[in-house]
Amino acid sequence: MREIRFYNTLGRKVEPFTPREPGSVGLYTCGPTVYDHAHIGNLRTFVFEDFLRRSLLYLGYRVNHVMNLTDVDDKTIQRSNDAGVELDDYTAPYIESFFEDLDTLHVERAEHYPRATEHVPEMIEMIEHLLERGYAYERDGSVYFRIAADDDYGRLSGIDPSGGQRGERVASDEYEKEDARDFGLWKAAKEGEPSWDSPWGAGRPGWHIECSAMSMKYLGESFDIHCGGVDNMFPHHENEIAQSESATGEEFVHTWLHSEHLMVDGEKMSKSLGNQYTLKELMARGLDPRAVRYVFISSHYRQKLNFTFDSVDAAVSALERVDQMRFRLESAPESGEPSPEIAAAIERLGKDFAAALASDLNASGAMSAVFALVREVNKTIERDALGDGDRNRVIAVLADANRVLGVLDPADWQSSEESSSGLADNEIDQLLVERQEARKNRDFAAADRIRDQLQAEGVVIEDTPQGPRWRRG
RNA sequence: GGCGACGUGGCCAAGUGGUAAGGCGAGGGUCUGCAAAACCCUUAUUCGCCGGUUCGAAUCCGGCCGUCGCCUCCA
């Protein structure tokens, strides 16, 4: 287990991370609101959280990861009403779509995916507690959190609660609030909306209470890390802190990590610009999901990520460099003592890779460590200096790094249709034998004919001093 | 108006006090029957601009310019 340093939004500085229970991390990440397909901005955040989860595991921690599914809120209700279907029937396909997207990007599953609609009793219990302690009040069947009762409100986002719109009437259905800044914990049912029974009559939970109630249920009243996109810092996470700590009197979350937004072609994604892609749209355009994952994880999570098709192309090339090394390694001869250069490179990778992760998840640094190994292995192959066992040791250290990155092994990403199409391996081998024969006889026309044929089948031939080798392009 | 982030080679991107990682691209080379593919090498005396602190700054402080985000439910 290695000490990690994280940039904690609460306090805005990089600090050593100490889980409440040594070696074990409780992690809550805000999940999707399932009113539509996730867009790639959402997925950037989910891939970052996957990277965090994998890094914690890699560095020797046990992880209990909870991600909620918001399946009741203004948007899901409105859209299900518009579509004339029950809420659950409306959200089901989007929940399915969400998990498909995670699979496409090789995001590992969390331990729990609690749904808001299945945790209403826990939320009601928490709201009752807040009412008892004077942190909330009821008006006409709705319950609001009383921000004035919370001394340190605003300490996550740095927003000063004393300024602003205190006492102003806001143009909404929430005019009955004591203070415009107060937020809804429970919303009285409106005509035609799904509702649950509560001590205050029929209604439904507010958004913020969902995350507090569900995170505490699965991780306890205090836990280690809470993640989300930067836009959730205020008001969502601020309100979670307010209601949770007011209810329990305990520190809610120790470390808050926020991922920056993804931009498309230099602009924020928005419907009006038409640049709000879903993953499925990108797949339909033929983008490689592995390259998309690489683009998401290869820059730092606290930096805005400008997503472009060029960046995906560059990612494809970068990954090919790693694949090529693996490919060359397979056919490179080994002999004699293990190469000291390889041994040193493997050791350096192990050290630099973990150090980069432990330093606030420096993904670029981690990738850089991988490429340093790639270069050293290539040089050693070039010198024909691979020693006995070097191949397996390199493969093993790559597999180790891949536990975090998830993009280093092309075999993991091969779709079944790709591998089943075209020529069989032995046919390709046979054609190459024929081509070598033709070349030996200086019948280059025949040799090139075979080369063209293989190329047309998507087989890339590489002629080397040790003879030809091939791979599927 | 309030709060905050960012500005590093052609592009992307690490690095936050000790003298610029890495990837893409480009140029050169090796290999080859020719190619292709691949590999190797090279590619920022300099980190938006101007001052300051320091033995030393891309890194700290001040000012300016520029880009962007949040300010009630958008990851």
Side-chain angles (χ1 to χ4, degrees), chain A residues 9 12 14 29-33 38-49 70 73-75 147 154 157-160 163-165 170 172 174 180-184 206-208 227-236 238-239 258-263 266-271 276 294-295 298-300 302-306 308 310-311 313-322 324-325 327-328 352 356 359 362-372 374-375 377-379 381-383 439-440 442-444 447-448 451-452 455 460-466 468-471 473:
Chain A
T9 305
R12 313 228 170 203
V14 177
T29 60
C30 284
T33 301
H39 61 242
I40 56 174
N42 299 315
L43 290 166
R44 188 236 175 149
T45 293
F46 301 146
V47 169
F48 151 65
E49 289 156 354
T70 299
D73 80 319
D74 292 347
K75 284 190 292 276
I147 283 183
S157 59
I159 281 170
D160 180 0
Q165 318 135 352
V170 287
S172 78
E174 297 176 337
R181 302 163 305 149
D182 292 347
F183 57 90
W207 177 36
H208 314 301
C227 298
V230 281
D231 52 340
N232 279 162
M233 241 165 75
F234 185 85
H236 183 50
E238 198 70 76
N239 291 348
H258 289 98
S259 53
E260 250 298 348
H261 278 156
L262 174 141
M263 322 264 280
E267 306 195 70
K268 188 181 175 174
M269 280 196 299
S270 74
K271 286 236 164 67
Q276 201 171 45
Y294 182 91
V295 168
S298 61
S299 66
H300 193 89
R302 281 191 286 114
Q303 292 292 330
K304 284 185 195 57
L305 171 62
N306 187 21
T308 64
D310 282 349
S311 67
D313 288 345
V316 168
S317 299
L319 287 169
E320 275 172 358
R321 184 163 159 78
V322 181
Q324 263 315 120
M325 183 213 71
F327 174 62
R328 299 177 82 212
D352 293 350
S359 175
N362 184 345
S364 308
M367 279 312 303
S368 160
V370 170
F371 283 108
V374 169
R375 191 178 322 101
V377 171
N378 278 331
K379 281 161 83 168
I381 293 174
E382 211 61 24
R383 290 200 317 273
R439 291 178 76 197
K440 213 168 78 186
R442 305 194 67 77
D443 181 359
F444 296 122
D448 290 350
R451 183 167 71 192
D452 292 344
Q455 234 158 33
V460 179
I461 302 168
E462 295 187 13
D463 289 318
T464 75
Q466 288 79 38
R469 55 177 182 228
W470 64 269
R471 62 190 160 91

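Within every chain, numbering begins at 1; the chains are lettered A, B, ... in the order of the sequence lines, protein sequences first and strands thereafter. Note that the structure is a prediction, hence the values are computed from the model and not measured.
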Where do A:Arg471 and A:Glu462 land on the side chain to side chain contact (heavy atoms under 4.5 Å, CB included) test, with the steps shown first?
CA-CA 8 Å; A:Arg471 62 190 160 91; A:Glu462 295 187 13; 3.0 Å; yes

To the nearest 0.5 Å, what is the distance between NZ (A:Lys304) and CZ (A:Arg44)?
10.0 Å

Identify which nucleotide among B:C6, B:A38, B:C24 has an atom closest to any side-chain atom of A:Gln303, counting heavy atoms from C-beta outward.
B:C6

Any strand counts, and the cut-off is 3.5 Å on both contacts for Watson-Crick or G-U wobble. Which nucleotide pairs with B:G10?
B:C24

For B:G56, the Watson-Crick or wobble partner whose two distances fall under 3.5 Å
none

The side chain of A:Arg375 is closest to which nucleotide in this list: B:G22, B:C68, B:A75?
B:G22

Categorize A:Asp463 for me: base, sugar-phosphate, or nothing, with a 4.0 angstrom heavy-atom threshold over every strand shown.
base

Please tell me if A:Thr308 has a side-chain N or O lying less than 4.0 Å from either OP1 or OP2 of B:C12.
no

According to the Watson-Crick and G-U wobble definitions, with both distances under 3.5 Å, which nucleotide is paired to B:C3?
B:G69

Base, sugar-phosphate, or nothing for A:Ser317, non-hydrogen atoms under 4.0 angstrom?
sugar-phosphate

Considering every strand and a 4.0 Å limit on heavy-atom distances, what is the contact class for A:Ser311: base, sugar-phosphate, or nothing?
nothing

Atom C1', compared across B:C50 and B:C12: separation rounded to whole Å:
29 Å

Over 60° means perpendicular and under 30° means parallel, so classify the ring planes of A:His208 and A:Phe183, tilted if in between.
perpendicular

Using the six-membered base ring of B:G33, report whether A:Phe444 stacks on it, requiring centroids under 5.5 Å and planes under 30° apart.
yes

Say we look at B:C47 and B:U8: how far apart would their C1' atoms be, to the nearest angstrom?
4 Å

So if I take every side-chain heavy atom of A:Phe234 and compare against B:C40, B:C71, B:A37, which nucleotide ends up nearest?
B:C71

Under 4.0 Å, heavy atoms only, any strand: does A:Met233 hit a base, just the sugar-phosphate, or nothing?
nothing

Rounded to whole angstrom units, what separation is found between the NE2 atom of A:His300 and the P atom of B:C6?
10 Å

Contact class for A:Asp310 (heavy atom, under 4.0 Å): base, sugar-phosphate, or nothing?
nothing

When you compare B:A14 with B:G22, how far apart are their C1' atoms, in angstrom units rounded to a whole number?
7 Å

A:Asn232 side-chain N/O to B:A75 phosphate OP1/OP2 under 4.0 Å:
no

Can you find an N or O donor on one side and an acceptor on the other, under 3.5 Å apart, linking the side chain of A:Asp352 with the base of B:G22?
no

Gap in Å between the two C1' atoms, one belonging to B:G48 and one to B:C55, rounded:
27 Å

How many whole angstroms separate atom CG of A:Asn378 from atom C1' of B:C39?
6 Å

At 4.0 Å (heavy atoms only), tell me whether A:Leu43 reaches a base, stays on the sugar-phosphate, or touches nothing.
nothing

So, the side chain of A:Glu49 versus the backbone of A:Thr29: is there a donor-acceptor pair under 3.5 Å, distance only?
no

Between B:G33, B:C68, B:A36, which nucleotide has the shortest distance from any of its atoms to the side chain of A:Lys304?
B:C68

One should read off an interatomic distance between A:Leu262 CG and A:Gln303 CD, to the nearest 0.5 angstrom, of 13.0 Å

A:Arg439 and A:Arg451: CA distance, side-chain angles, deciding distance, side chain to side chain contact (heavy atoms under 4.5 Å, CB included) verdict
CA-CA 11 Å; A:Arg439 291 178 76 197; A:Arg451 183 167 71 192; over 6 Å; no

Gap between atoms CD and C1', on A:Glu260 and B:G69 respectively (whole Å):
7 Å

Counterpart base for B:U30, defined by Watson-Crick or G-U wobble contacts under 3.5 Å:
B:A38

What is the separation between atom CD on A:Glu238 and atom C1' on B:C73, rounded to the nearest whole Å?
14 Å

Sugar-phosphate, base or nothing in reach of A:His236, heavy atoms under 4.0 Å:
nothing

Report which part of the nucleic acid A:Ile381 touches: base, sugar-phosphate, or nothing (heavy-atom distance under 4.0 Å, all strands).
nothing

Residue pair A:Ser299 / A:Leu305: nearest heavy atoms and the distance that separates them:
OG-CD1, 3.4 Å

So, is A:Lys440 near the phosphate of B:G33, with a side-chain N or O under 4.0 Å from OP1 or OP2?
no

Assign A:Gly228 to base, sugar-phosphate, or nothing according to its heavy-atom contacts below 4.0 angstrom with the strands shown.
sugar-phosphate

Both A:Asp73 and A:Ser298 contact RNA chain B. Which one's nearest nucleotide lies toward the 5' end?
A:Ser298

Is the shortest side-chain N/O distance from A:Asn362 to OP1 or OP2 of B:G15 below 4.0 Å?
yes

Now, which nucleotide makes the Watson-Crick or G-U wobble pair with B:U19, with each of the two distances under 3.5 Å?
none

Pick the P atom in B:U46 and in B:A20, then give their distance to the nearest Å.
12 Å

Can you check the A:Met367 CE to B:A14 P distance for me, whole Å?
13 Å

B:U16 to B:G25 separation - C1' atoms, rounded to the nearest Å
29 Å

From the set B:C40, B:A75, B:C68, return the single nucleotide nearest to any side-chain atom of A:Thr45.
B:A75

Between B:G33, B:A35, B:A14, spot the one nearest the side chain of A:Arg439, thanks.
B:G33

Provide the distance between the two C1' atoms, one in B:G15 and one in B:C74, to the nearest whole Å.
32 Å

Just to be sure I understand the rule, does A:Glu462 reach a base, reach only the sugar-phosphate, or reach nothing, if contact means heavy atoms closer than 4.0 Å?
base

B:C74 phosphate, OP1 or OP2: any side-chain N/O from A:Lys268 under 4.0 angstrom?
no

Closest to the A:Asp231 side chain, choosing from B:G4, B:C74, B:C24
B:C74

Is a side-chain donor or acceptor of A:Ser298 paired with a backbone partner of A:Ser364 at a separation under 3.5 angstrom?
no

Value rounded to 0.5 Å, distance of CG in A:Asp231 from CD in A:Glu260
9.0 Å

Interatomic distance at P, B:A35 relative to B:C41, whole Å:
24 Å

In this structure, how many angstroms lie between the P atom of B:C12 and the CG atom of A:Leu305, rounded?
12 Å

Go nucleotide by nucleotide along RNA chain B from the 5' end; which of A:Arg451 and A:Arg328 gets its closest nucleotide reached first?
A:Arg451

Between A:Arg321 and B:G23, does any side-chain N or O lie under 4.0 Å from OP1 or OP2?
yes

